[in-house]
Amino acid sequence: MKEISVQELKQKIDNKEDFQLIDVREPFEYEVSNLEGENIPLGGILIEADAIAKDKPVIVQCRSGKRSAAAVMQLEQQFGFDNLYNLKGGIVAWQQAYDPDMPVY
């Protein structure tokens with residue numbers, strides 16, 4: 001599984017690169033704090049697979065990187081995606097590196 005660090009993600013954002021960010025946490029978690037990605041909870045990721053780009057990098061994130069890793073594995077196995085990246089450490093790592101005031105439960 002391909003992974004990306006929060007530093008690499010920040011660089012992509014700063015460079016205005018074309019990629020899709022998907023947050024697989026539950027809506028109530030997304031409302032607490034998010035990185036402005038699309039919220040597609042893990043439980044519905046396979047049903048929503050059509051909403052995931054195949055023609056550009058897709059970064060999948062959650063709170064710590066575990067659920068997003070599960071989402072990446074499911075999508076790669078079920079649909080053959082080869083453009084997915086798991087965000088190492090998830091939103092917790094982002095908070096620690098860039099936004100200490102971000103509320104993370």
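Note that the structure is a prediction, hence the values are computed from the model and not measured.
- The CG atom of D101 sits 12.0 Å away from atom OG of S33, with the distance rounded to the nearest 0.5 Å.
- V58 and L42 end up in the same hydrophobic cluster when Ile, Leu, Val, Met, Phe, Trp and Tyr side chains are linked at under 4.5 Å.
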**Prompt:** Going through the checks in order, is the side-chain contact (heavy atoms from CB on, under 4.5 Å) test met by L21 and E36?
**Reply:** CA-CA 8 Å; L21 179 63; E36 300 182 9; over 6 Å; no

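- Hydrophobic cluster membership differs between V104 and V32, with clusters built from Ile, Leu, Val, Met, Phe, Trp and Tyr side chains linked at under 4.5 angstrom.
- Here the OG atom belonging to S68 is positioned 10.0 Å from the CZ atom belonging to R25, to the nearest 0.5 angstrom.
- Here the side chain of N86 pairs no donor or acceptor atom with the backbone of I4 at under 3.5 angstrom.
- Atoms NZ and CG, from K12 and D18 in turn, are 10.0 Å apart once rounded to the nearest 0.5 Å.
- What you find for F79 and A49 is that their closest heavy atoms are CE1-CB, 3.7 Å.
- Inter-residue side-chain proximity for L84 and I52 is flagged as met; some heavy-atom pair is nearer than 4.5 Å.
- Proximity of a side-chain donor or acceptor of N39 to a complementary backbone N or O of D23 within less than 3.5 Å is detected.
- The closest donor-acceptor contact from the side chain of E29 to the backbone of E26 lies under 3.5 Å.
- A distance of 5.5 Å separates CD of Q78 from CG of L46, quoted to the nearest 0.5 Å.
- The closest side-chain heavy-atom distance from P57 to N83 is not below 4.5 Å.
- No donor-acceptor pair under 3.5 Å is formed between the side chain of Q20 and the backbone N or O of K54.
- Residues F19 and I13 are in side-chain contact: their nearest non-hydrogen atoms beyond the backbone lie under 4.5 Å apart.
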Sequence neighbours excluded and cut-off under 3.5 Å, please list the side-chain donor-acceptor pairs for residues 87-99, or say none.
residue: Q95; atom: NE2; partner: M102; partner atom: O; Å: 2.9
residue: D99; atom: OD1; partner: M102; partner atom: N; Å: 3.4

**Asked** Between I40 and I47, does a side-chain contact (heavy atoms from CB on, under 4.5 Å) hold up when you go through it step by step?
**Response** CA-CA 10 Å; I40 304 175; I47 297 165; over 6 Å; no

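- Between the side chain of E8 and the backbone N or O of S5 there is at least one donor-acceptor pair closer than 3.5 Å.
- Looking only at distances, no side-chain donor or acceptor of Y85 sits under 3.5 Å from a matching main-chain atom of L9.
- The backbone N or O of E17 lies less than 3.5 Å from no partner atom in the side chain of N15, so there is not a single donor-acceptor pair.
- Using a 4.5 Å heavy-atom threshold, the side chains of I22 and Q61 count as separate.
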